[in-house]
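These notes are about the structure you will find just below.
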There are 2 protein chains.
Amino acid sequence: MTSLAHRRRTIRDVAKRAGVSISTVSNALNDTGRVNEETRLRVKQIAAEIGFRPSSLARGLLSKRTSTIGMLTNDTYGRLTLPMTAGVSEALVSQGVSVFLCATNNDPALAKLHLEALLDKHVDGIIFTATRLDVVPPVELLNLSIPVVYAFAKGPAGSLSFLPDDVQGARLAVDHLVGLSRRTIIHITGPEDYLAARLRARSYRDSYGAGAEVLFGDWTEEWGHAAIDMIFERDATPDAIFCGNDQIARGVIDALRDRGVRVPQDVAVVGFDNWEVIAEQTRPALTTIDMELKELGRRAGLAILGLTKGEAIAPGERGIACRLVVRQSSGRN
Amino acid sequence: MTSLAHRRRTIRDVAKRAGVSISTVSNALNDTGRVNEETRLRVKQIAAEIGFRPSSLARGLLSKRTSTIGMLTNDTYGRLTLPMTAGVSEALVSQGVSVFLCATNNDPALAKLHLEALLDKHVDGIIFTATRLDVVPPVELLNLSIPVVYAFAKGPAGSLSFLPDDVQGARLAVDHLVGLSRRTIIHITGPEDYLAARLRARSYRDSYGAGAEVLFGDWTEEWGHAAIDMIFERDATPDAIFCGNDQIARGVIDALRDRGVRVPQDVAVVGFDNWEVIAEQTRPALTTIDMELKELGRRAGLAILGLTKGEAIAPGERGIACRLVVRQSSGRN
DNA sequence: GTGAAAGCGCTAACAT
DNA sequence: ATGTTAGCGCTTTCAC
């Protein structure tokens with residue numbers, strides 16, 4: 001193997017080659033100060049030639065900014081965190097900001113370890129994300145001297161959080177079903193101790209009005225099956241089911257098919273999440289609510305970017321609108 | 001909002017407070033040089049008290065190491081990349097190394113942008129990961145002065161790659177079915193232009209011997225359905241099916257149930273991926289092959305760590321053994 | 001055992 | 001328009 005470890009080019013290399021001082025190089029490259037246009041061009045030319053890239057370490061030492069941010073997530077890279085990370089990264093890469101991704105696996109000690117590594121590295125800001133809205137963020141985030149933004153998690157009082165608008169999302173689902181002239185809509189959802197489940201359920205009740213019925217259970221296909229078994233033992237059966245997530249919806253649809261109930265003709269089904277591997281593969285494909293997590297991440301990224309630049313951004317909870325994705329499971333009957 | 005932006009403590013703050021010079025502080029904190037034990041303790045004590053954390057920027061400027069690595073992935077945080085990232089991070093966090101995650105979304109321009117950001121930030125090394133084995137890594141990775149490791153991707157000649165052992169994995173599946181006295185095993189898999197599909201198919205043929213039959217298609221449930229429809233139009237039907245991934249397997253199982261064929265009594269089914277949201281929710285739950293992606297990531301992480309420390313690690317392709325996960329879809333008949 | 005001083009690669013204030 | 005200089009926060013000789 002040939003030795004690839006050529007010493008990195010420094011500003012001095014450029015200066016020597018261009019026959020000017022290092023400060024002229026600095027000014028030329030950064031388009032600052034007064035530099036003869038010819039000189040500027042020549043310096044830039046030479047810098048490019050020898051592959052000079054300014055050390056962000058040296059730069060950061062002066063400027064106190066590193067163009068890096070940390071993302072702390074409580075789970076092991078789940079399906080919620082990832083679209084958000086994509087959004088964050090997308091918002092920041094064009095500004096030259098890179099993202100440290102740190103999964104804490106719900107382990108406070110690991111969270112602390114990651115956080116210390118981030119602080120050692122002088123990240124300009126931190127985004128905390130979680131797999132559920134009611135996770136309590138690490139207390140260590142409380143008194144940092146760098147800005148912190150919460151994404152898909154409620155930050156403490158006085159902080160800035162970006163959250164999906166579960167209430168609006170659930171209303172979207174119910175309104176859609178009502179618009180299709182469905183009369184009897186039942187809501188099958190996850191555990192009641194999840195804030196998201198409670199929010200969606202409350203919104204369903206508010207939109208639907210009298211006769212609303214909510215079945216809390218688990219976020220699984222199995223629960224979807226079980227719930228259908230319970231419901232269809234009764235006399236009155238619904239003509240629409242709004243599920244708290246896509247997995248439940250898939251279980252519901254499979255159970256309905258097993259019973260010979262036609263979807264969407266007899267019963268329309270709407271899910272929540274737009275988890276494509278589930279929603280697109282149910283038969284029929286699932287109408288569902290998309291939380292626009294990537295957009296949520298993008299917003300959080302832009303916010304942290306602004307904050308690190310010293311912009312004043314009002315704290316509070318920002319809701320991100322959900323989007324209805326219509327597929328076959330809710331067609332007209 | 002109270003001003004939280006207290007100036008960071010520096011080594012000088014510690015020195016002043018301890019009444020010693022900064023070099024003594026440095027030596028005391030790093031357990032280097034000759035320092036009186038009492039002094040050392042006192043310095044450490046004071047450093048902790050005022051919350052001093054050495055700037056990794058200043059440190060990196062001297063040492064040429066930043067304790068950061070970059071992960072470049074060709075997709076948008078898919079289900080393959082993520083367990084690997086978890087493994088990488090797990091291997092490195094205890095060493096104080098943080099990971100920049102960069103999704104290139106299969107866009108070469110974006111890849112270049114990310115790569116330049118990483119180089120600007122002096123990452124100590126780079127791990128490239130992909131969603132399929134036969135992705136061609138960005139050429140820009142070729143002549144870097146920092147080590148590069150490939151994970152779930154074949155690097156160029158002379159590089160170090162970590163790959164799942166698809167051949168062994170497929171053999172595991174076939175041997176398992178044969179061990180259950182299954183006689184007629186068919187292989188339904190994804191597109192033939194995927195290297196992974198070809199490797200698994202070849203291994204299946206080699207293990208199974210005469211009479212092997214491979215159906216190439218897509219990596220979807222839909223294709224699983226379609227394949228079963230084709231197969232069961234014929235006279236001779238198999239008593240076992242080995243699928244190229246879990247989605248196909250799920251489609252296969254659903255199609256079999258629709259036809260009244262019992263799984264596993266009449267036909268045993270084995271998948272590939274151990275994608276839990278799929279495998280655990282099929283009815284019956286799916287026996288499948290786990291590629292141990294987290295372990296693969298861990299190995300890649302350890303390798304890059306060694307390389308950045310200057311250890312000599314032989315280039316080549318390292319196969320990571322797959323693991324058979326037995327669930328109900330392949331029980332004894 | 002401790003401290004003074006040089007210097008990592010860069011930017012910015014100040015001379016010239 | 002360009003160069004000299006100080007210094008960001010730290011590690012590392014080398015004197016004392």
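This one's a predicted model, so the numbers in the text were calculated from it and none came from an experiment. Every chain is numbered from 1, with letters handed out A, B, ... down the list of sequences.
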Could you check whether B/Ile22 gets within reach of a base, just the sugar-phosphate, or nothing at all, counting any heavy atom under 4.0 Å?
base

What is the distance, rounded to the nearest whole Å, between atom CG of A/Asp13 and atom P of C/dG9?
9 Å

Which distance, rounded to the nearest 0.5 Å, do you find between the CD1 of B/Ile126 and the CZ of B/Phe100?
11.0 Å

What is the nucleic acid contact for A/Arg59, judged by heavy atoms within less than 4.0 Å: base, sugar-phosphate only, or nothing?
sugar-phosphate

Just wondering, more than 12 heavy atoms not from B/Glu311 lying within 6.0 Å of its CD?
yes

4.5 Å side-chain heavy-atom contact, A/Thr308 and A/Pro147
yes

Mind calculating the distance between CG (B/Asp120) and C1' (C/dC10) to the nearest angstrom?
13 Å

Minimum-distance nucleotide to B/Leu62 side chain [options: C/dC8, C/dT11, C/dA15]
C/dC8

Taking any heavy-atom pair under 4.0 Å as a contact, classify A/Ser63: base, sugar-phosphate, or nothing.
nothing

Under the criterion side-chain contact (heavy atoms from CB on, under 4.5 Å), I'd like the reasoning laid out for B/Arg318 against B/Leu163: C-alpha separation, chi angles, the key distance, then a yes or no.
CA-CA 6 Å; B/Arg318 307 267 203 286; B/Leu163 301 163; over 6 Å; no

In whole angstrom, what separates A/Arg9's CZ from C/dC10's C1'?
17 Å

Which of residues 40-51 of chain B have a heavy atom under 4.0 Å from DNA chain D?
none

Which is the 5'-most and which the 3'-most nucleotide of DNA chain D that has an atom under 4.0 Å from a heavy atom of chain B?
D/dC8 to D/dA15

Ignoring hydrogens and angles, state whether a donor on the side chain of B/Thr68 or A/Lys121 is under 3.5 Å from an acceptor on the partner side chain.
no

So which one's nearest nucleotide on DNA chain C is more toward 5', B/Val20 or A/Arg53?
B/Val20

When rounded to the nearest 0.5 angstrom, what distance separates CG in B/Leu119 from CD1 in B/Ile146?
5.5 Å

Is a side-chain donor or acceptor of A/Thr85 paired with a backbone partner of A/Thr81 at a separation under 3.5 angstrom?
yes

Report the nucleotide, chosen from C/dA12, C/dG9, C/dT2, that has the shortest atom-to-atom distance to any side-chain atom of B/Thr24.
C/dT2

With no hydrogens and no angle check, just 3.5 Å: does a side-chain donor-acceptor pair link A/His122 and B/Ser55?
yes

Taking C-beta and beyond as the side chain, do B/Leu101 and A/Met71 meet within less than 4.5 Å on heavy atoms?
no

Within the 4.0 Å heavy-atom criterion, would you say B/Thr39 contacts the bases, only the backbone, or no part of the nucleic acid?
sugar-phosphate

Sugar-phosphate, base or nothing in reach of B/Ser26, heavy atoms under 4.0 Å
base

Once you apply a heavy-atom cut-off of 4.0 Å, does A/Asn27 come out as touching a base, just sugar-phosphate, or nothing?
nothing

Regarding A/Ser23, tell me which of base, sugar-phosphate or nothing describes its non-hydrogen contacts under 4.0 Å with the strands shown.
base

